[in-house]
K.L.:
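Please find one structure pasted underneath; my questions will follow.
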Amino acid sequence: MTAPTRTYPVHVTGSFEPRLSRWLWLVKWLLAIPHYILLWFLWIAFAVVTIVAFFAILITGSYPRGMFDFNVGVLRWTWRVQFYAYATLGTDRYPPFTLADVPDYPARLDIDYPERLSRGLVLVKWWLLAIPQYIIVGVFIGGWWYYWDYAYARWGGLIGILVLFAAIALLFGGRYPRSMFDLVVGLDRWVVRVGAYAALMTDVYPPFRLDQGGTDPATTEPTAGPPPPQPENPGQNPGQNPGRGGWTAGRIVSVVLGVILGLISMFLLTAASVLLWVNGPGRDEDGYLTVGNRFSTPAYAITSGPVEVTSMSTGWVPVSSNLGDVRIRVLSRTGTPVFVGIASPPVAAGYLSGVQYATVSDTAENGLVVHDGGPPAGPPTTAGPWLAQASGTGIQTVALPAPAGDWTVVIMNADGSPGVSVRAQAGATVPGLGAVGLSVLGIGIVVLAGAEVLIVVAVRRASRVPQPPAERRPEA
């Protein structure tokens with residue numbers, strides 16, 4: 001038997017099936033949704049594993065075998081789905097849900113494991129050296145990001161256009177033109193080669209040639225002899241015993257769950273960092289968290305609208321309100337005496353009944369919604385009862401513990417004249433913010449540790465080298 005001669009380490013094949021369904025391609029996007037969902041998580045795991053492999057290659061000069069097998073499996077799974085779907089439309093046979101090689105499936109992919117990889121090339125090959133290939137592949141797939149654009153092939157690139165023509169030929173002629181199939185698979189093969197090179201899986205630079213056809217010219221298949229033995233468990237790699245090594249379904253699920261938990265932990269840790277920063281450097285010299293803005297209106301008053309304050313307990317910090325103490329600061333931009341008061345909504349509404357005033361609104365074009373009316377019955381200092389008030393020239397400040405329930409802030413000229421133009425600032429102490437940030441940080445650390453355990457354990461078990469079975473000695 002003549003052994004296979006492989007001239008390039010990335011091998012992509014696809015069997016030509018001239019007779020395909022005329023209409024099935026119209027709904028393959030729907031049928032492939034379960035694969036797309038799983039591939040979304042698998043490609044996130046692929047990226048994480050590639051980053052870890054980068055440092056492993058940089059330090060040791062080798063790609064950890066378990067990680068390599070996992071990434072080959074993701075590429076293999078992607079190629080099967082894309083051969084079935086819109087990167088080729090080459091088969092109507094539904095792709096299997098596995099990272100392992102399926103010998104009888106019409107689309108197959110394999111990559112020779114490199115025993116050694118260059119520590120120097122790993123620093124530059126995935127970006128600097130691959131730039132010419134990225135430009136070419138970008139034309140093929142209609143985008144510049146290999147992992148996303150190819151895993152979820154778009155119609156905009158050359159491949160998408162050719163596949164669309166093939167789909168029209170199927171719809172009206174019932175046959176896939178062989179020459180078009182050979183060209184499409186050749187373009188797909190080029191994309192996969194570049195992807196494997198960019199993912200650090202080989203040091204051999206992808207050739208600038210279009211190897212067309214379903215049979216990979218880089219592989220000369222044996223001309224005689226039985227096929228190589230396949231593992232009993234399709235989740236195992238050849239030569240590995242079930243339960244010893246290889247990517248079983250359970251280990252794939254473990255990595256995917258680890259990636260999901262890792263993403264959740266990154267969100268939690270980022271949120272905790274923001275909360276702790278806001279709780280520290282984000283406060284002013286008096287310990288308030290503040291926001292401010294400028295407001296101008298020809299009306300007689302500016303109000304906040306009803307503000308609801310809850311007194312829900314934080315569980316570990318006894319506070320009368322989640323906001324703690326509140327503070328309102330107002331400065332007139334025209335130099336006129338200004339008034340600021342806090343009242344319950346009924347009191348504020350009673351005073352402003354029939355008065356032209358503006359309410360602060362995020363949805364309004366200028367931030368204010370003006371309500372029709374006339375002048376107030378008298379200056380705001382004579383109305384009441386206000387929970388707190390201040391008036392005069394310069395900065396006017398009211399501060400008090402945030403009362404539970406609803407309340408409204410009212411800002412006016414002290415004499416009740418129209419045309420209010422102020423710089424306003426609202427702040428609160430929010431005493432439980434630090435405890436919330438520390439709690440989120442702790443949860444994020446625990447979730448990250450769980451993600452690490454799921455990924456590391458799966459990779460280590462998949463990388464186990466099987467022990468040869470013990471020889472039985474003949475009984476005496």
Side-chain angles (χ1 to χ4, degrees), residues 278 282-310 321-430:
V278 170
R283 297 181 181 272
D284 64 13
E285 64 277 5
D286 297 323
Y288 284 87
L289 302 174
T290 61
V291 293
N293 204 346
R294 298 176 180 179
F295 301 100
S296 295
T297 178
Y300 291 88
I302 299 174
T303 73
S304 63
V307 177
E308 182 180 0
V309 178
T310 63
S321 166
N322 293 332
L323 291 178
D325 294 338
V326 297
R327 182 186 68 189
I328 307 296
R329 283 181 170 177
V330 177
L331 174 65
S332 173
R333 299 174 63 193
T334 61
T336 59
V338 68
F339 167 88
V340 56
I342 299 177
S344 64
V347 170
Y351 173 69
L352 296 174
S353 177
V355 176
Q356 184 189 40
Y357 68 96
T359 303
V360 177
S361 173
D362 294 334
T363 60
E365 183 177 352
N366 61 352
L368 296 173
V369 176
V370 178
H371 306 268
D372 294 333
T381 54
T382 62
W386 301 100
L387 296 177
Q389 63 174 307
S391 62
T393 58
I395 299 176
Q396 300 302 306
T397 303
V398 293
L400 72 164
D406 294 343
W407 46 273
T408 300
V409 178
V410 178
I411 300 173
M412 302 177 64
N413 293 330
D415 59 0
S417 61
V420 182
S421 181
V422 297
R423 185 195 301 270
Q425 183 189 77
T429 56
V430 196

K.L.:
Determine whether Val360 and Leu368 make a side-chain contact, defined as any pair of heavy atoms from C-beta on separated by less than 4.5 Å.
P.N.:
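The answer is yes; the side chains approach within 4.5 Å.
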
K.L.:
Using only atom types and a distance under 3.5 Å, with no angle test, would you say the side chain of Ser332 pairs donor to acceptor with the backbone of Val338?
P.N.:
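No: the side chain of Ser332 does not pair with the backbone of Val338.
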
K.L.:
Would you name the heavy atoms of Gly282 and Leu289 that are closest together and state the gap between them?
P.N.:
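The pair with the smallest heavy-atom distance is O-CD2, 3.8 Å.
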
K.L.:
Might you point out which heavy atoms bring Val355 and Pro375 nearest each other, and give the distance in Å?
P.N.:
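So the two residues come closest at CG2-O, 4.0 Å.
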
K.L.:
When you measure from the side chain of Asp286 to the backbone N and O of Tyr288, does any donor-acceptor pair fall under 3.5 Å?
P.N.:
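Checked: no pair found.
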
K.L.:
Does the side chain of Arg333 come within less than 4.5 Å of Ser296's, by heavy atoms?
P.N.:
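Yes, at least one pair of side-chain atoms sits under 4.5 Å.
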
K.L.:
I need the minimum non-hydrogen distance between Thr393 and Pro337, along with the two atoms involved.
P.N.:
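Heavy atoms of Thr393 and Pro337 come nearest at CG2-CG, 3.8 Å.
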
K.L.:
Return the CG to CD distance between Asn293 and Gln425, rounded to the nearest 0.5 Å.
P.N.:
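So the CG of Asn293 and the CD of Gln425 are separated by 11.0 Å.
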
K.L.:
Look only at the side chain of Tyr300 and the backbone of Asn413, and say whether a donor-acceptor pair between them is shorter than 3.5 Å.
P.N.:
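No, the answer is negative, given that no donor and acceptor are paired below the 3.5 Å cut-off.
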
K.L.:
Can you tell me how far apart CG (Leu400) and CD1 (Ile342) are? Round to the nearest 0.5 Å.
P.N.:
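Atom-to-atom, Leu400:CG and Ile342:CD1 are 5.0 Å apart.
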
K.L.:
For Pro379 and Tyr351, which heavy atoms make the closest approach, and how far apart are they?
P.N.:
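Closest approach of Pro379 to Tyr351, heavy atoms only: C-OH, 3.5 Å.
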
K.L.:
Checking side-chain contact (heavy atoms from CB on, under 4.5 Å) between Val340 and each of Thr397, Val410, Val422, Ile411, which is the one that passes?
P.N.:
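Only match with Val340 under side-chain contact (heavy atoms from CB on, under 4.5 Å): Ile411.
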
K.L.:
Tell me the closest heavy-atom pair linking Arg283 and Ala428, and the distance in Å.
P.N.:
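It is NH1-O, 4.3 Å.
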
K.L.:
As an exercise, state the distance from CZ of Arg327 to OG1 of Thr429, rounded to the nearest 0.5 Å.
P.N.:
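Reported value, rounded in 0.5 Å steps: 10.0 Å.
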
K.L.:
For the residue pair Pro298 and Pro418, what are the closest heavy atoms and their distance?
P.N.:
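Scanning both residues completely, I find the closest heavy atoms to be O-CB, 3.5 Å.
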
K.L.:
If the plane angle is over 60° it's perpendicular, under 30° parallel, otherwise tilted; pick one for Tyr357 and His371.
P.N.:
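Parallel.
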
K.L.:
Do Thr336 and Thr334 have a side chain donor and acceptor closer than 3.5 Å?
P.N.:
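Yes, a side-chain donor-acceptor pair sits under 3.5 Å.
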
K.L.:
Can you tell me how far CZ of Phe339 sits from CD of Gln389, rounded to the nearest 0.5 angstrom?
P.N.:
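So the CD of Gln389 and the CZ of Phe339 are separated by 4.5 Å.
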
